[in-house]
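Notes for the one structure printed next.
Only a predicted model underlies this, so the values are computations on that prediction, with no experimental measurement involved. The analysis underlying the following values was restricted to heavy atoms, covering all of them including side chains, and did not include hydrogens, waters or symmetry mates. Letters A, B, ... are given to chains in the order of the sequence lines, protein chains preceding strands, and every chain is numbered from 1.
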Amino acid sequence: MKGRFQLGLMVAVLIVAGLGLTLYKHFALGFPLLGKDISTVWSIEAWVSFKARGEAAQASLTLPDQQSDVRILDESFASPGYGINQTNDGGQRRAVWSTRKADGRQDLFYKVKLRLEPGISPSVNDQPEPFIAPVLPEPYQTAATSLLNQVTDRSADPVSFAGTMISQFNAKEPDQNANMLLGMVEEGVTLPDLLVNLLHMGNIPARIVRGLHLEDGRRRQPIVDMIEVYDGTQWQLFDPKTGKAGNPEAFFLWQRGAKSLLDVMGGVNSDVKFSIISQNVPTRELALTQATQDGAALIDFSIYSLPLEVQNAFKIILLIPIGVLTVLFMRIVVGLRTSGTFMPVLIAMAFLQTQLIPGLVIFISLVSIGLWIRSFLSQQNMLLVARLGAVIIVVILIMAAMSILSWKLGITQALTVTFFPMIILAWTIERMSILWEEEGPKDVFKEGGGSLLVATMSYLLMSNPIVEQLTFNFPELMLTLLGIVLLLGQYTGYRLLELKRFYPLVHSVNSVNSVNSDK
Amino acid sequence: MGWLSSFVQNTLTKNSIATPSRLKESGILSMNSRNLNYISRYNPRRLLPLVDDKLTTKRMAEKAGVDVPKLIGVIEYQSDIRKLKSILEPLEQFVIKPAKGSGGKGILVITGRDGDRYVKASGESLSFNAISRDVSNILGGLYSLGGKSDVAVIESLIVADPIFKDYSFEGVPDIRVIVFRGFPVMAMMRLATRKSDGKANLHQGAVGVGLDIATGNSLRSVQHDLPVNTHPDTGHNFSTLKVPHWHKILCLSAACHEMTSLGYLGVDLVLDKNLGPLILELNARPGLAIQIANGQGIKPRLEMIESLRKHDLPIEERVAFSQQHFGVSIMQTPQKA
């Protein structure tokens with residue numbers, strides 16, 4: 001009983017561990033459980049170009065930071081002949097490309113991949129920096145002061161203050177003060193700059209941010225200036241053109257603060273252009289990249305860390321336990337006879353390559369021809385091992401003949417015959433032929449049919465996309481399978497076919513009992 | 001829910017399928033339970049070669065003084081086949097069997113000579129070459145589990161006790177006794193039919209007749225797991241069948257437990273006209289069909305023996321216990337209609 005308890009515990013641990021790891025990977029790491037989930041990944045390319053003057057050149061570009069509701073998946077640089085450095089300039093990342101000597105037109109690329117993921121927030125310290133209220137030249141200073149007084153009267157907090165003020169400038173007919181200040185814009189000061197200055201004069205922390213509206217297939221997308229206002233706990237985004245608060249949908253912040261986006265030394269006519277495309281990527285790949293970035297040990301030490309080729313091999317290997325489970329179920333619970341214990345699994349794996357119907361046709365014709373030729377061999381006085389060897393060679397000959405014949409006839413399906421395991425086929429033929437001699441054709445059909453039935457069931461399960469996806473994405477489920485197999489190894493109940501086999505027995509036993517009880 | 005369960009019940013009955021609970025109620029041992037609870041528990045692996053190899057069994061039995069058919073010769077290597085002719089030459093009748101064969105596979109029974117040819121039990125005759133090919137197959141491992149190389153055993157043909165002449169179509173009827181921890185628990189007789197090619201193999205269509213452990217009287221007979229009343233070839237009614245030397249048969253079977261130390265054992269015996277009961281072979285994985293032949297589940301008997309305090313009783317006492325507790329004659333009476 002103690003052994004039984006231990007085994008029960010082991011089974012429970014295995015099943016729970018397998019399911020637990022699977023659920024963890026699904027919920028915590030975002031692996032899709034069923035089906036092929038698709039996520040949209042935005043890919044933004046910044047293309048820096050300038051004309052070099054035949055001397056040392058340096059270009060530095062502001063790089064985007066982690067920000068709320070967006071996950072940066074990957075970034076890359078392409079810049080032949082340039083050294084690349086990333087610097088941190090007052091909390092803002094910058095890429096610095098530099099070269100000793102450059103002449104003519106230069107093209108530098110930066111690419112970032114990101115995904116919109118509502119709810120994610122970066123844990124960066126983003127407190128406002130101290131500022132000094134600017135003083136504008138007259139008459140703007142007076143206009144600004146009276147405008148600020150107006151706005152203060154009509155607002156309650158920094159956010160409503162900023163909203164009210166921006167809407168002053170965007171009104172169809174701006175009032176006198178705003179109109180006066182708009183004159184500064186005509187003189188060359190940008191509206192966002194002006195607004196930030198005014199907010200600072202109202203003692204409200206504010207800054208200019210730059211970003212991109214994410215739209216698929218956009219080239220030469222301009223970078224858009226926006227204003228962020230600090231409400232005491234967090235930054236609020238304002239569109240200076242509309243006065244609307246809040247982050248517009250699909251807006252990606254590229255830069256915070258009013259520093260220049262691009263600086264070029266040793267070149268003229270510098271320019272930066274953005275192009276945006278969206279791609280649909282299977283969620284699994286995405287989850288993998290993310291998990292690798294997050295350094296999840298489960299992913300680091302897993303099949304995914306292997307080269308792609310090996311991974312593909314495992315894709316098939318990981319399906320074998322499903323076939324094995326099918327065989328166990330059919331033998332232990334149903335009670336079906338198969339020729340060779342796990343031969344059906346190997347046949348099912350061949351079916352994976354050939355597809356079901358061609359596979360069945362090829363298998364049945366191979367074995368039939370093999371049996372026919374084997375019947376000639378059995379008339380010869382031969383040692384068993386030699387005969388088996390002969391059968392293997394015959395099987396190969398049949399395979400070659402089938403391939404050539406079908407190729408000539410244009411039936412390419414039959415070419416997949418090479419996927420059948422020859423040795424297994426030879427053994428099957430040998431066993432079937434002995435069975436035929438000893439028990440007659442009926443048993444051959446019974447056993448052969450049983451094997452093919454189990455192989456077909458294994459195939460149907462193994463080729464099911466959901467099963468394939470579960471076994472490959474969640475190899476942990478193998479632990480659960482192992483637990484189930486251990487459990488099946490303890491099954492002492494009746495096999496389904498025994499229910500039929502013993503029917504006449506129960507029937508008569510019960511009639512005897514009923515006679516007894518009638519007495 | 002009521003109509004659903006009655007619908008299920010009807011469908012099962014219509015297709016003659018029993019419910020698991022009903023089988024359990026009748027104490028029927030399942031294949032899985034046999035493998036897990038009895039064979040793997042009471043038959044240690046290291047002892048299995050003793051019974052898997054019939055030559056070892058035979059030598060062991062001879063040493064223990066248990067009666068077995070006479071060993072005439074052994075062919076161990078392919079090169080020994082040359083000696084086959086000289087061994088077979090003086091023999092009228094003989095049996096060649098693979099030492100590691102299972103399920104009666106590869107057993108060749110020669111009942112007479114027809115000039116140069118050898119006549120099988122079925123009347124078919126074989127040339128010497130055909131026989132040596134069979135022997136070569138045996139040595140090559142055609143009939144052994146896993147295709148391991150094997151040896152061919154030649155032994156004397158048993159002269160069947162004429163008592164069973166009417167019950168068997170050619171061949172020698174054999175008696176299977178299940179011995180659990182030294183106690184005979186269930187027995188049946190296997191009778192060859194035309195369909196089974198003179199072999200006493202239930203799988204091939206032989207008739208199984210359940211035997212009362214107390215008396216050796218027939219209880220019930222089945223062919224292909226289905227009840228029959230008369231022999232399909234001879235037409236004889238089985239209800240009158242009674243096995244002689246019953247007590248000796250039980251004692252011989254029980255003795256095989258000491259001989260092999262196996263806990264769950266199928267003992268196959270034959271009744272020789274001159275020598276009486278002989279042990280033919282032992283089986284460490286006896287089949288379940290014996291339950292159908294007996295019309296009884298074997299599980300209650302096995303459990304009764306498992307619940308005994310003391311198992312190492314002398315053979316006589318064990319046999320007496322079995323005859324006392326597992327006899328069916330008492331409750332047999334109302335069945336005949």
message: Checking side-chain polar atoms at under 3.5 Å, does Asn237(B) have a donor or acceptor matched by the opposite partner on Ser239(B)?
response: yes

Quick one: what part of [X] sits under 4.5 Å from any heavy atom of chain A, side chain, backbone, both or neither?
{"X": "Asp225(B)", "value": "both"}
{"X": "Leu36(B)", "value": "side chain"}
{"X": "Pro227(B)", "value": "side chain"}
{"X": "Leu29(B)", "value": "backbone"}
{"X": "Gln291(B)", "value": "both"}
{"X": "Ala130(B)", "value": "neither"}

message: Any side-chain to backbone donor/acceptor pair from Asn43(B) onto Tyr264(B)? Under 3.5 Å, distance only.
response: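 A pair under 3.5 Å: yes.
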
field: Segment of Arg431(A) engaging chain B (4.5 angstrom heavy-atom cut-off)
entry: neither

message: Between Ile434(A) and chain B, with a heavy-atom cut-off of 4.5 Å, which part of the residue counts as in contact: side chain, backbone, both or neither?
response: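 Looking at Ile434(A), just its side chain touches chain B.
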
message: Quick check on Asn10(B): does its CG atom have over 12 non-hydrogen neighbours (other residues, nucleotides or ligands) under 6.0 Å away?
response: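 Check passes, neighbour count above 12.
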
query: Of the non-hydrogen atoms in Gly493(A) and Ser30(B), which two are nearest, and what is the gap between them?
result: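 Nearest heavy atoms, Gly493(A) then Ser30(B): O-OG, 3.1 Å.
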
task: With Ile429(A) as reference, evaluate Val367(A), Ile398(A), Leu366(A), Leu388(A) under the side-chain contact (heavy atoms from CB on, under 4.5 Å) test and give the passing residue.
output: Val367(A)

query: Are side-chain heavy atoms of Leu481(A) and Thr471(A) found at a separation under 4.5 Å?
result: no

